[in-house]
Amino acid sequence: MRSVLLAILLLAPLAAPEPEPPADLLLTGGRVWTADPSRPFVQAVAVRNGRVVFVGDDADTAGLKGPKTQSIALRGRLVTPGFEDAHLHLMSGARNLERVDLSEETTLAGLQERIRRFARANPDSPWVVGRGWVYGSFPGGLPTREQLDAIVPDRPAYMDCYDGHTGWANSRALALAGITKETKDPRNGTIVRDPETGEATGALKEAAGSLVEDLIPEPTAERHYSLLLQALALLNRTGITAVQDAGWTPDEVARFLPLLERARSEGKLTVRTRLTVNFSPDDPAPGLAEAVRLRDRARDGLIAFGGAKGYVDGVIESHTAAMLAPWSDDPALGKRTPRWDQAALERAVATADEAGLQVWLHAIGDRGIRMALDAFAAAAKRNGPRDRRHRVEHVESIDSADVPRFAALGAVASMQPLHASPDENLESIWARNVGPERAGRGFAWRLIEKAGGRLAFGSDWPVVTPDVFRGLYCAVARRTRDGKPAGGWQPRLAVTAENALRHYTIDAAWAGFGERERGSITVGKRADLVVLSRDILAAPPEEILKTRVLLTLLEGKPVWRDPSFE
């Protein structure tokens, strides 16, 4: 009997395999850049249940189309993974949507006119608040209270610098804060004073800005939620589907996390958000403890924690970055003192590392960058091998000896291309302060790439616009939007268009431990995709600035669609 049954089984036809279910969405006829080196370009992508189920040629998609499949004919357009901004400040950017935007003004007269118009349009606002000015707009590189008094004399006014490290207050704001010539500088802050009278000039560096900022009324939770939704829509329009937020205080966690969770529960969180918690040199323990507490709270693909951020130094424009040699424009200023003692920084980083946290360190000057890398090396020596991906944020002026250390330590160089836009601010303030030798290594993207280091690109919004195309253009051309200088500023440090795109996609995802889920168009990953109006990989750099996002998909569902795209 057993022999008969066996013969019947052997002679029976093999059962046909179950047909693959049809796709929910099919994109065909395009030039799809996958960010996968094994197959960088394909024609078609299929999506089912929010994930990529096929990448390949149009001819192989016939079996994936069913009666309910939505099909999009790309007509040769470029498709890329959704962009990821590896360093921004989401809620700060949202809040600034209702403040005066100074980011596109480069002259004092232009700044004053924009502030004047905003003040007139908002007569009932108790404060006039804005941000975005650059140092090069002011004679001597810093603003004065008289310049702001001239246009807002009737109420307090405060304008944050584009980099967030210097504030500009009028006389009313200084008086409300109780700032007089007797007021002492706060720790890690400087009240800029008139050298003859000792009176505050209106410029407040670093922590001194908090003396005024802490007095500015915050929006209500409901208003902040509305601004958050506006911010998400703005990011989707530029093709951004994921962001990494560069540091919340524990108080901000309490205020803002419920807003993100509300957006998620209402189906309105259209950008994946990875959050970090700040820790302070005064007492790093509370910030690190909060980061550990939150790490396992939200890992659903839309909200995640896992990082802790500290500030090693300030910025070059205001002479608050930590340098290895004195400032070129004023050697009497010395090298400036970093915010941390090296031993204390190493202890804090090692503690965070031992807890399994990813550490972000803001470090802009060459000494600050070295301190950060030294702290990462000390943590690895103390705690043993693991996949750390610790990060140095900004990396503006690096010493040659430290360039190869990113690859050696497996550390991320988290950089923002538009910070290197060669405008008046960069040329007359930044480059002047560091001098030509150090400027020759300014924003050294290509040097870090060649040494095997991993770059992750972002915007630092609201420091600069989150517009990815502006960032891509600057990364490739190192020129301003009007094409200056003609050959680019330090052009040997520019990167290729494809590498720049990698730093905004798969490399940014890797920097946030997200490369298994996003960052490339490969089978199994989440279908976060963008369709572009131009092929930025096959056109001159100037074409990047003319490019629009036609369609942004989050898990295969549209979160932005250009009205012209059919």
Side-chain angles (χ1 to χ4, degrees), residues 20 23-65 69-86 238-242 272 301 449 454-457 468-469 471-472 475-476 495-539 544 547 549-560 565:
E20 188 173 355
D24 300 325
L25 175 67
L26 195 58
L27 289 80
T28 59
R31 188 167 186 253
V32 180
W33 182 76
T34 66
D36 178 359
S38 67
R39 196 177 189 185
F41 290 97
V42 297
Q43 294 175 311
V45 182
V47 178
R48 187 188 309 115
N49 297 327
R51 293 188 180 267
V52 175
V53 294
F54 170 84
V55 291
D57 296 333
D58 288 341
D60 298 325
T61 63
L64 292 167
K65 190 170 183 180
T69 300
Q70 179 187 4
S71 296
I72 296 178
L74 296 170
R75 299 184 179 89
R77 295 185 176 97
L78 184 69
V79 177
T80 74
F83 302 140
E84 181 154 352
D85 192 313
T238 193
I240 292 173
T241 55
R272 305 187 192 284
E449 273 188 354
R454 181 93 64 154
L455 297 177
F457 278 170
V468 173
F469 301 114
L472 286 167
V476 172
V495 298
T496 66
E498 186 165 8
N499 279 358
L501 196 52
R502 288 189 64 84
H503 303 331
Y504 272 113
T505 54
I506 189 62
D507 291 341
W510 187 89
F513 289 90
E515 76 281 3
R516 293 184 179 181
E517 287 284 289
R518 60 184 188 271
S520 65
I521 305 175
T522 52
V523 172
K525 288 193 178 182
R526 297 184 187 272
D528 300 348
L529 313 170
V530 289
V531 180
L532 307 184
S533 65
R534 295 170 187 261
D535 187 345
I536 60 176
L537 297 175
I544 297 174
T547 305
V549 171
L550 299 178
L551 181 67
T552 304
L553 301 172
L554 185 75
E555 297 193 4
K557 297 179 180 178
V559 292
W560 160 253
F565 183 58

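All residue numbers in this chain count up from 1 along the given sequence.
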Could you tell me whether the side chain of V45 reaches within less than 4.5 Å of the side chain of I521, counting heavy atoms only? yes
Nearest 0.5 Å, what's the CG-CG distance between D507 and L501? 10.0 Å
Looking only at heavy atoms, what is the nearest atom pair of G556 and V47, with distance? CA-CG1, 4.0 Å
Looking only at atom types and distance, does a side-chain atom of K525 sit under 3.5 Å from a main-chain N or O of E515, one as donor and one as acceptor? yes
Identify the residue among R77, R31, R75 that makes a salt bridge (Lys or Arg N to Asp or Glu O under 4.0 Å) with D535. R31
Heavy atoms of E84 and A508 approach each other most closely as O-CB, 3.7 Å
Check: S71 side chain, L26 main-chain N or O, donor-acceptor pair, under 3.5 Å: no
Test item: Q43 side-chain N/O and D58 main-chain N/O as donor-acceptor pair under 3.5 Å: yes
Side-chain touch T552/T241, heavy atoms, less than 4.5 angstrom: yes
How many angstroms lie between atom CG of D85 and atom OG1 of T238, to the nearest 0.5 angstrom? 9.0 Å
Check: L553 and V559 side chains under 4.5 Å, non-hydrogen atoms: no
In the structure I gave you, are the side-chain heavy atoms of V530 and L551 within less than 4.5 Å of one another anywhere? no
Look up atom OH in Y504 and atom CZ in F83, then write down how far apart they are to the nearest 0.5 Å. 9.0 Å
Which pair of heavy atoms, one from V549 and one from G239, lies closest together, and at what distance? CG2-N, 3.7 Å
Just how far is it from atom NZ of K557 to atom CD of Q70, taken to the nearest 0.5 Å? 11.5 Å
Hey, does the side chain of R48 reach the backbone of D24 with a donor-acceptor pair shorter than 3.5 angstrom? no
Do you know which two heavy atoms are closest between G301 and R272, and how far apart they sit? O-NH1, 2.8 Å
Could you state the interatomic distance from OG1 (T34) to CZ (R39), rounded to the nearest 0.5 Å? 8.5 Å
May I ask you to test the D528-E555 pair for a side-chain heavy-atom distance under 4.5 Å? yes
For A59, the side-chain contact (heavy atoms from CB on, under 4.5 Å) test, sequence neighbours excluded, returns none
Would a distance-only check, ignoring hydrogens and angles, find a side-chain to backbone donor-acceptor pair under 3.5 Å from T547 to S533? no
Please report the shortest heavy-atom distance between P81 and S520, naming the atom on each side. CG-CA, 3.8 Å
For R516, all residues meeting salt bridge (Lys or Arg N to Asp or Glu O under 4.0 Å), sequence neighbours excluded: none
Name all residues meeting the side-chain contact (heavy atoms from CB on, under 4.5 Å) criterion together with E449; count only those two or more places apart in sequence or in a different chain, and write none if there are none. R446, L455, V495, N499, H503
Indicate yes or no: at least one non-hydrogen side-chain atom of W33 is less than 4.5 angstrom from one of L537. yes
Would L74 and V79 satisfy side chain to side chain contact (heavy atoms under 4.5 Å, CB included), going step by step from the backbone distance to the final call? CA-CA 8 Å; L74 296 170; V79 177; 3.6 Å; yes
How long is the span from the CZ atom in R518 to the CZ atom in R526, to the nearest 0.5 Å? 9.0 Å
For a quick test of reading the model, state the closest non-hydrogen atom pair linking L532 to F469 and the distance between them. CD2-CZ, 3.8 Å
Can you check whether A35's main-chain N or O pairs, donor with acceptor, with R502's side chain at less than 3.5 Å? yes
Checking side-chain contact (heavy atoms from CB on, under 4.5 Å) against L27, which of V531, T61, V32 comes through? V531
